[in-house]
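I have placed the structure first, in the form of structure tokens, so that the comments after it can refer back to it.
Protein chains get the first letters and strands the later ones, always in sequence-line order, with residue 1 at the start of each.
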Amino acid sequence: MREYIRHRLSESLQKCNFKVDEITIEKPKNPKFGDYTTNAALMIANRAGLKPREAAEKIIENLNYDIKLIDKIEIAGHGFINFYISDSYYFWVLNEILKKKEKYGLSEINKGKRANVEWVSANPTKPLHAGHGRHICLGKSISNLLEWSGYKVIREYYYNDAGNQMKVLAESVYARYMQIMEPGFPFPENGYHGNYITEIAKIIYEKEKEKYRNNYNESYFKSEAENYNFKSIKNTLEKLGIRHDVFFNESDLYKNGNIENVLKEFKKRNLSYISDDAVWLKIDESGERDKVIVKSSGEPTYRLPDIAYHIEKIKKGYDLIVDIFGSDHLDTYKDVLHGAAALGYDIKNIRVIIHQMVTFKVKKESNGMNEEVKHTTKMSGRSGKTYLLDDLIDEIGADATQFFFIMRSAPAHLVFDIDLAKEHSEKNPVYYLQYAHARICSIIRNAKDNFKTEYEKFLNPENIKPDEHLKTKEEIDLIRIISDFPEVILNAANEYEPHILISYLNQVAEKYHIFYHNHRVLNNEEINLSVSRLLLCFAVKQVLKNGFDALGISAPESM
RNA sequence: GCGCCCGUAGCUCAGCCGGAUAGAGCAUCAGCCUUCUAAGCUGAGGGUCAGUGGUUCGAAUCCACUCGGGCGUACCA
């Protein structure tokens with residue numbers, strides 16, 4: 001509809017000889033200003049030497065449009081042109097929803113294109129903690145949204161199984177293993193401290209007893225620890241319904257010589273130099289921002305394999321490559337992109353999403369007083385315990401976890417109110433949405449069980465014309481809002497912002513609850529009205545369901 | 001110091017590629033269940049859009065500066 005108006009408008013503008021670079025057509029906040037509005041007249045008035053209202057009149061005179069779609073066009077305010085869309089258009093959309101069902105809202109704009117989304121990519125050195133949640137849930141929803149915009153999405157996990165960290169991990173486990181037999185055995189200075197390390201050591205001891213006592217086998221301890229951690233990570237992801245298509249092993253980059261090749265290329269193009277026995281990558285003229293890519297010890301820093309990895313992704317020819325990072329990785333991705341670009345690779349298809357950190361808020365009852373306790377991302381209080389993502393999911397459920405982590409725009413800091421998320425009541429914003437869906441399911445069940453005639457007509461609605469029966473404000477508002485769904489979901493995908501979809505679905509649920517409160521759906525006396533309302537309910541249910549799918553939350557049949 | 005992000009109702013946040021009266025949830029207060037789920041609906045109060053200056057028909061939105069907060073600025077990942 002927006003595009004229709006845009007086309008008609010530019011035709012008219014051409015006829016009037018008005019030149020304008022970009023006309024904006026938007027939905028006014030206030031419904032009394034119509035369904036769509038344009039400021040075209042205000043934009044061109046100055047240049048055309050006309051008053052805005054005069055320009056608006058001229059535009060309308062030359063406007064050619066279908067009166068079946070547009071009821072009326074008005075000039076308002078200083079020179080806004082407001083379009084009022086006819087109800088028959090919205091009833092046509094209602095029919096479309098009922099036809100397209102689970103495909104309603106699926107865009108074809110990116111049909112045939114492939115997108116690679118890489119996220120999570122946590123190192124198998126420790127279990128996922130709650131702070132990881134935002135990253136994980138954002139990536140899940142963004143991947144879904146891209147699918148709704150038409151992409152074939154490849155979900156990828158960059159598996160970082162090389163480098164120094166794994167060595168430290170193995171040594172940490174070995175130390176705990178030894179401590180079972182010799183409590184005084186020294187723990188490595190920069191070792192991993194979590195309880196899970198001790199847990200892994202115990203498992204090894206039970207399996208192998210004293211086989212490795214004073215007989216350190218790095219690769220054995222490494223692989224035991226790695227497997228344990230990765231299993232735990234995958235298990236947590238599984239709870240959130242996340243499955244990756246590709247696990248890309250960092251170590252492969254070493255095995256197949258990619259790292260070395262990239263290093264050679266840098267050298268050949270004079271983009272790197274040696275200083276203090278380390279290899280540095282040139283970033284800019286000043287040299288102040290140059291970064292070490294190979295340490296003096298001969299080991300690469302993480303930047304080098306990251307560059308090689310991104311080059312691999314670019315070579316695969318994706319139409320879109322999405323990287324999702326927390327703000328703590330801010331500087332590194334710039335170096336990585338810079339490195340790839342410096343070697344002549346095209347980085348224009350790479351889109352980097354940076355999200356801010358999370359603060360968790362918990363209210364604790366202590367001594368009868370309410371004490372508000374805030375934890376930061378790392379959630380490592382004095383107790384030494386970290387708050388695991390797993391525990392969060394177990395405590396508040398997968399849907400609330402998903403919802404709360406994506407309910408704010410990525411660049412904004414997020415305060416996660418755990419008590420609110422836990423609340424199984426009207427306070428919890430997740431349930432507001434899901435409840436609307438469950439209510440509809442309940443009505444459909446009721447129809448099936450107690451309104452046989454209506455239900456059969458509903459399944460076979462050939463002779464039912466909803467536009468003859470749905471006349472009230474609540475019904476029309478509802479039809480209007482669900483007709484926006486394709487536009488909104490595409491917008492959320494283009495912006496990589498799931499929260500756009502959340503606020504929209506909130507409006508849908510709100511309109512539905514109002515409708516529900518004011519009108520009874522099933523009614524023995526007015527069969528066709530009941531069936532028409534059933535059809536409307538079904539369409540709303542479909543929009544909610546499709547939206548939940550893109551967000552990554554479930555659509556409960558009952559609550 | 002430098003780079004990125006944020007500053008909007010008591011709290012958490014939308015709105016930000018300029019548009020008409022700045023919105024939502026929570027919290028507070030007042031109403032609505034013999035009828036398909038009250039996890040719902042209706043109403044009320046609550047604002048110097050951090051500040052100052054600029055750009056223009058018009059600024060929460062764009063620009064500059066100031067003040068606050070977060071993150072980064074490693075031969076850690």
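- For residues 500-509 of chain A, no pair satisfies side-chain hydrogen bond (donor to acceptor under 3.5 Å, both in side chains), with sequence neighbours left out.
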Dot-bracket line, read 5' to 3' along RNA chain B, where crossing pairs take [ ] and | marks a partner on another strand, Watson-Crick or G-U under 3.5 Å
(((((((..((((.....[...)))).(((((.......))))).....(((((..]....))))))))))))....
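- The side-chain hydrogen bond (donor to acceptor under 3.5 Å, both in side chains) analysis of residues 508-517 of chain A, with sequence neighbours excluded, yields the pairs A:Arg439-A:His513.
- Listed by chain and number, the residues in a salt bridge (Lys or Arg N to Asp or Glu O under 4.0 Å) with A:Glu118 are A:Lys313 (sequence neighbours excluded).
- Among residues two or more places apart in sequence or in another chain, the ring pair (Phe, Tyr, Trp, His ring centres under 6.0 Å) test is passed with A:Phe187 by A:His193.
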Check nucleotides 32-35 of chain B for protein N or O atoms closer than 3.5 Å to its own N or O atoms and list the pairs.
residue: B:U35; atom: O2'; partner: A:Arg520; partner atom: NH1; Å: 2.4

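- A:Lys51 is linked by a side-chain contact (heavy atoms from CB on, under 4.5 Å) to A:Glu54, counting only residues two or more places apart in sequence or in another chain.
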Short N/O separations, protein against nucleotides 75-77 of chain B, under 3.5 angstrom:
residue: B:C75; atom: O2; partner: A:Ser296; partner atom: N; Å: 2.7
residue: B:C75; atom: O2; partner: A:Ser296; partner atom: OG; Å: 2.9
residue: B:C75; atom: N3; partner: A:Ser296; partner atom: OG; Å: 3.3
residue: B:C75; atom: N4; partner: A:Asp276; partner atom: O; Å: 3.1
residue: B:C76; atom: OP2; partner: A:Lys295; partner atom: NZ; Å: 3.1
residue: B:A77; atom: OP2; partner: A:Tyr302; partner atom: N; Å: 3.2
residue: B:A77; atom: O3'; partner: A:Asn160; partner atom: ND2; Å: 2.4
residue: B:A77; atom: O2'; partner: A:Asn123; partner atom: ND2; Å: 2.3
residue: B:A77; atom: N7; partner: A:Tyr302; partner atom: OH; Å: 3.4
residue: B:A77; atom: N6; partner: A:Tyr302; partner atom: OH; Å: 3.0

Collect all protein-nucleotide pairs involving nucleotides 4-8 of chain B in which both atoms are nitrogen or oxygen and the distance is under 3.5 Å.
residue: B:C5; atom: O2'; partner: A:Pro411; partner atom: O; Å: 2.5

Measure all distances between protein nitrogen or oxygen atoms and nitrogen or oxygen atoms of nucleotides 57-59 of chain B, and list the pairs falling under 3.5 Å.
residue: B:C57; atom: OP1; partner: A:Asn46; partner atom: ND2; Å: 2.9

Could you pull out every donor-acceptor pair under 3.5 Å between side chains of residues 410-417 of chain A and any protein atom, sequence neighbours left out?
residue: A:His413; atom: NE2; partner: A:Thr359; partner atom: OG1; Å: 2.7
residue: A:Asp417; atom: OD1; partner: A:Asp419; partner atom: N; Å: 3.2
residue: A:Asp417; atom: OD1; partner: A:Leu420; partner atom: N; Å: 3.1

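- Applying the 4.0 Å criterion to OP1 and OP2 of B:A20, one finds that A:Lys29 has a side-chain N or O inside that range.
- A:Lys473 meets the salt bridge (Lys or Arg N to Asp or Glu O under 4.0 Å) test with A:Asp477; sequence neighbours excluded.
- Nearest nucleotide to the side chain of A:Arg439, out of B:C36, B:A39, B:A38: B:A38.
- B:U34 and B:G15 are spaced 44 Å apart, taking the C1' atom of each and rounding to whole Å.
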